[in-house]
**Q** 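Handing you a structure now.
Please read these numbers as outputs of a predicted model, since none were measured by experiment.
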Protein chains: 2
Amino acid sequence: MKPQPQGPETRRKLLDAAAALYARNGVAATTMRDIAAACGINAGSIYYHFFSKDDITQEILDFGISCVIDNVTGALAKLDPDSSFLLRFRTAIDSHIRAFKEFEDYTIAHLRIFKQVPDHVQERNVVFRDRYEMIWRELLEEGVRAGIIDPSVNINAARLLLLGQMNWTIEWFVAGRDLSTEELVDLIARLFLRGSMTSTINRPGFSEEFMVQ
Amino acid sequence: MKPQPQGPETRRKLLDAAAALYARNGVAATTMRDIAAACGINAGSIYYHFFSKDDITQEILDFGISCVIDNVTGALAKLDPDSSFLLRFRTAIDSHIRAFKEFEDYTIAHLRIFKQVPDHVQERNVVFRDRYEMIWRELLEEGVRAGIIDPSVNINAARLLLLGQMNWTIEWFVAGRDLSTEELVDLIARLFLRGSMTSTINRPGFSEEFMVQ
DNA sequence: GTCTATATTCAGATAGAC
DNA sequence: GTCTATCTGAATATAGAC
């Protein structure tokens with residue numbers, strides 16, 4: 001079953017509407033009246049479903065990351081237990097990008113508003129963020145153990161660069177416009193693993209010469 | 001001379017204060033009273049220097065990208081005219097990352113608030129954004145012509161991935177904490193050009209096998 | 001479970017004194 | 001060039017009817 005925020009119909013419609021508005025305009029610029037209007041009810045009625053605006057914000061942030069965790073974890077779990085690191089890596093990228101698309105109002109809201117919400121809301125959400133980082137930390141360590149990723153690479157920084165690159169795709173990627181989702185996933189995996197150089201240049205030994213100032 | 005927003009002292013102090021507040025809290029959550037208080041004046045006095053809040057926002061967005069353009073353009077111009085693509089590429093990354101740090105209130109504000117400002121403010125700012133993308137477009141095309149970047153790589157998408165990766169560093173990179181700026185720049189250049197694989201695996205021919213599902 | 005009505009606070013912006 | 005004072009609209013949240 002497709003994951004979704006908890007609760008009855010109207011409550012979920014309110015969250016969906018709020019997520020879309022947050023993603024587009026930010027939290028402070030989104031009013032309770034806007035959220036209510038998008039669901040055809042009045043602002044006062046929201047308070048039957050939620051304690052406060054922060055309460056709504058919290059739920060959107062939490063779902064915006066946990067839906068990605070579930071999608072990536074699920075995709076990796078479905079793989080053959082002894083599938084290669086390369087397949088697992090590509091699967092993780094693929095399920096990350098597809099989750100961002102499938103739940104885009106929540107995931108975009110999550111990324112765009114995180115730094116602009118009250119501290120106590122951020123703090124509760126960090127638990128999810130840490131859990132997600134751990135998935136990627138373990139995956140990259142697996143790549144090092146498998147002899148694929150060079151141990152000389154700072155994999156903490158590399159992980160943050162990789163995730164940042166994927167997160168930023170929400171700002172420009174529109175599936176099927178110039179690029180299919182599959183092509184995007186392939187390119188991200190390729191750049192991270194093999195880079196962009198031609199095969200003839202990208203040979204053992206070149207690493208020592210190529211960065212000399 | 002270090003670039004900075006135009007105008008007399010108080011005006012610049014107001015912009016500096018507004019940029020810092022925008023970067024931290026977003027536009028809508030930043031009040032004219034907040035900005036004024038950070039400069040030790042009253043809210044009404046701001047209107048001697050600016051027409052409106054949007055006027056301030058526009059100037060912060062425009063400077064937040066033009067300072068990066070100036071820094072990168074300047075760094076590339078200082079290079080020997082026949083320096084290698086590899087040096088020019090690393091220099092561009094280096095000057096981008098350093099400009100983001102040097103003008104961080106403006107650059108972070110730019111990236112965080114862009115999608116949340118009125119359309120007419122965004123539209124005026126897009127001129128600068130396009131100019132910056134052009135610098136990188138030409139640089140990557142130069143890499144293809146030099147035989148360094150594989151022509152099979154979609155360089156439009158690769159450019160957006162690279163810039164996105166660098167932009168996202170504002171969310172996690174603190175110079176000197178786990179990583180120096182130079183190490184970050186090296187890693188970004190390395191991953192984009194050579195990837196993360198070990199030299200023994202990353203040989204010609206491997207490209208055909210490694211991505212099979 | 002949603003309504004109307006409203007209390008309270010605070011936003012952006014203006015006017016005119018100094 | 002900055003001040004004080006204030007207009008006007010709009011925000012979150014509450015209360016009680018239905």
**Q** From CD1 of B:Ile46 over to P of D:dT4, roughly how many Å is that when rounded to an integer?
**A** 14 Å

**Q** C:dG12, D:dT2, C:dT2: which one has an atom nearest the side-chain heavy atoms of A:His49?
**A** C:dT2

**Q** Step by step, work out the salt bridge (Lys or Arg N to Asp or Glu O under 4.0 Å) result for B:Glu171 and B:Arg112.
**A** CA-CA 10 Å; B:Glu171 305 292 341; B:Arg112 292 230 182 104; 3.2 Å; yes

**Q** Which residue is it: A:Asp54, A:Asp55, A:Asp62? I am looking for the one with a side chain to side chain donor-acceptor pair (under 3.5 Å) to A:Gln58.
**A**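 Exactly one option meets the side chain to side chain donor-acceptor pair (under 3.5 Å) with A:Gln58, and it is A:Asp62.
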
**Q** Taking for each residue the nucleotide of DNA chain D bearing the nearest heavy atom, is the 5' side occupied by B:Arg33 or by B:Thr10?
**A**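 So the residue in question is B:Thr10.
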
**Q** Under 4.0 Å from OP1 or OP2 of C:dA13: is there any side-chain N or O of B:Tyr47 that close?
**A**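 B:Tyr47 to C:dA13 OP1/OP2: side-chain N or O found under 4.0 Å.
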
**Q** Once you round it to whole Å, what is the distance between C1' of D:dT2 and CZ of B:Arg11?
**A** 17 Å

**Q** Output yes when at least one side-chain N/O atom of A:Ser45 is less than 4.0 Å from OP1 or OP2 of C:dC3, else no.
**A**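 So the side-chain polar atoms of A:Ser45 do come within 4.0 Å of the phosphate oxygens OP1 or OP2 of C:dC3, strictly under.
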
**Q** To the nearest 0.5 Å, how far apart are CD1 in A:Ile69 and CZ in A:Arg131?
**A**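 It comes to 5.5 Å.
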
**Q** Roughly, in whole Å, what's the span from CE in B:Met32 to C1' in D:dT2?
**A**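 That distance rounds to 15 Å.
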
**Q** Calculate the interatomic distance between A:Tyr48 atom OH and C:dT2 atom P; express it in whole Å.
**A** 8 Å

**Q** Atom CG of B:Asn25 and atom P of C:dA11: how far apart are they, to the nearest Å?
**A** 12 Å

**Q** What's the CD-C1' distance between B:Glu9 and D:dT2, to the nearest Å?
**A**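 Taking CD of B:Glu9 and C1' of D:dT2, I get 15 Å after rounding.
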
**Q** Using side-chain hydrogen bond (donor to acceptor under 3.5 Å, both in side chains), reason through A:Asp105 and A:Tyr22 one step at a time and then give a plain yes or no.
**A** CA-CA 8 Å; A:Asp105 287 339; A:Tyr22 282 5; over 6 Å; no

**Q** Starting at CG of B:Asn42 and ending at C1' of C:dA13, how long is that distance when rounded to a whole Å?
**A**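 Roughly 14 Å, once rounded to whole Å.
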
**Q** Rounded to the Å, how far apart are A:Ile35 CD1 and D:dA13 C1'?
**A**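 Result: 13 Å.
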
